[in-house]
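Report on one structure; see the data block that follows.
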Amino acid sequence: MVDEEKKVDEKGLSELPEVNGEVVLRFAPNPSGPLHIGHARAAILNQEYIKKYGGKLILRIEDTDPRRVDPDAYGMINDDLLWLGIEIDEKIIQSERLPIYYEYAEKLINIGGAYVCTCEAGEFKKLKDNSMVCPCRDLDVEENLKRWNNMQNLSEGEAVLRVKTDIEHKNPAIRDYAAMRIVDAEHPRTGKKYKIYPMMNFSVTVDDHLLGITHVLRGKDHIANSEKQNYIYRYFGWEVPVFIHYGRLKMEDIALSTSKARTGIEEGIYSGWDDPRLGTIRAIARRGIMKEALYELMNEIGVKIADSTVSWKKIYGLNRAILEEVANRYFFVWDPERVKIGDLPESAVGTVKRPLHPDFLERGYREIPFKENICLVKGDIKNDKVLRLMDSVNIVFKDKKAIFHSSSFEEAKEAGAQLIHWIPDADNLKAEVIMPDASIIKGFVEPECKNLKVGDVVQLERFGFARLDEINNEKLIFYFAHK
RNA sequence: GCUCCGGUAGUGUAGUCCGGCCAAUCAUUUCGGCCUUUCGAGCCGAAGACUCGGGUUCGAAUCCCGGCCGGAGCACCA
């Protein structure tokens, strides 16, 4: 009992209205590409509500427009959901359900809720915009059934099934909208098997009802669709799910649209769907953004109808809080400069130990061999200033030559030394870090990085968090997350 | 253009339904300070908002009207 109350408090999500026991929700992307941050919002919100109330989450692939289907998208969507940790209870693909839609289309005609319209599209629009009915509307059920059965003998554009709504509705889009249309194109999954395809408003309504969906979460761009769908629910006497519309999610500095990304990939501007400049889930994942950060973000934004703008800074902030604990620390010397320390006492030579994580010493230490030949970040080198090489010695540059200054940390403090990191000149590994703008920063990492595995997210000290993406001939390739 | 919907600090959010406990919550951000052998983290402090104008009321972020700004829809896409 007490736990239940707590749970509600923890989540920033507002309560779903009209919940009676368990909920049935669905995530319904159309397979035009991989998932992006906008999809993640829908998927995560649905998932969170399932967690909150219990119930079932259905994945529905909406591939009823053969021309807008990317065959690769089915697999990419699965991968992306897996990465997001979305637990799907049931999955359906609309292109496999065409007979069901035909069945209900016929039923709708039978009860006088739909008619086959053979008007030319422009002609119909003209009539509709003036609240005038088209001649097809008044044909009787029998005639309509005949026309419906004949539809598959027609070609694209010659006929369409319309839902009878209110021809005087003040929103012209609502007036007798299309439910089914003819498409003369091959479907990537079903080929030429079908010719008549449902419009989204029809298939969505039929499916939402058959699947027992209780609440529909979707963007406010669907407000008019919700209203359209209401007509079908009313004709069939079905219970209407609760529609919840949320506002647009704008990402700063990001090309959100799938089509733009696709074009960029085709033109070779982007390396692929996981190019760090893109807002796809896979691109975000590749950069070491944790799914938990996205969950927090989506929970925070919630389902309000006003638009929200999200910046990378915001995501970085959330992600840093997660990575801070997770990521072990390593030295990465970018823009490296080879340095030989003069007058280095023999006693200073040895192995330096630094914790993998300063706050979790139990994780152990990494060992870095230290002797006179090292690499430093070029930008750290300044003449006549004492530099503290972390956990080793203090040096100073005179006429661009490094010489030993002192050993202890106290002496470094006294000299007001800057604390810098370093890498042995000989014993190191090549590394590259791919930045968010796809530029590459080259350098070396400390030897113990050889123990890292692809997918590990680390903090490169004084540089930032990065995810190991690839190990290529002893060279480590990281993707930069953020500072 | 038409129809509809929004507008709380830089950003995100709470509060708005059922006016007073709101000189407005929390987080992030930014800036100081402390601490720290990372430019990370932590700790302390500070900065910063009810879109504007009227009205109703003893009292308005909350209700009403208008302006401004923003968004969505206006397909045989989803």
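Predicted model only: the values in this text are computed from it and were never measured. Chain identifiers are assigned alphabetically (A, B, ...) following the order of the sequence lines, protein sequences preceding nucleic acid strands; residue numbering begins at 1 within each chain.
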Review point. Is the base of B:rG40 touched by the side chain of A:D359 through a donor-acceptor pair closer than 3.5 angstrom?
Key: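 Donor-acceptor pair under 3.5 Å: yes.
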Review point. Has the side chain of A:Q459 got a donor or acceptor that lies under 3.5 Å from a partner of the other kind on the base of B:rU38?
Key: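 It does, because a donor-acceptor pair links the side chain of A:Q459 to the base of B:rU38 below 3.5 Å.
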Point to revise | Test applied, side chain to side chain contact (heavy atoms under 4.5 Å, CB included); reference residue, A:I44; option that passes from A:L294, A:L297, A:I301 | key: A:L294
Point to revise | Distance flag, aromatic centroids of A:Y316 and A:F465, threshold under 6.0 Å | key: no
Review point. With a non-hydrogen cut-off below 4.0 angstrom, is A:K125 in contact with a base, only sugar-phosphate, or nothing?
Key: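 It contacts sugar-phosphate atoms only.
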Exercise for review: Just call it for A:I301: base, sugar-phosphate, or nothing, with non-hydrogen atoms closer than 4.0 Å on any strand.
Suggested key: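 Sugar-phosphate only.
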Point to revise | Between B:rG73 and B:rU56 - P atom distance, rounded Å | key: 40 Å
**Study point:** Rounded distance in Å between the P positions of B:rU25 and B:rG15
**Key:** 14 Å
Review point. Can you list, by residue number, the residues of residues 59-74 of chain A that have a non-hydrogen atom closer than 4.0 angstrom to RNA chain B?
Key: A:E62, A:T64, A:D65, A:R68
Check your understanding: Taking for each residue the nucleotide of RNA chain B bearing the nearest heavy atom, is the 5' side occupied by A:R41 or by A:C117?
Key ->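 Whichever sits nearer the 5' end wins; that is A:R41.
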Practice item. For A:R388 and for A:G302, locate the closest nucleotide of RNA chain B by heavy-atom distance; then report the residue assigned to the nucleotide nearer the 5' terminus. Key: A:G302
Review point. Want to know the stems of RNA chain B: at least 3 consecutive Watson-Crick or G-U pairs with distances under 3.5 Å, which are they?
Key: B:1-7 with B:68-74, B:10-12 with B:26-28, B:29-34 with B:42-47, B:51-55 with B:63-67
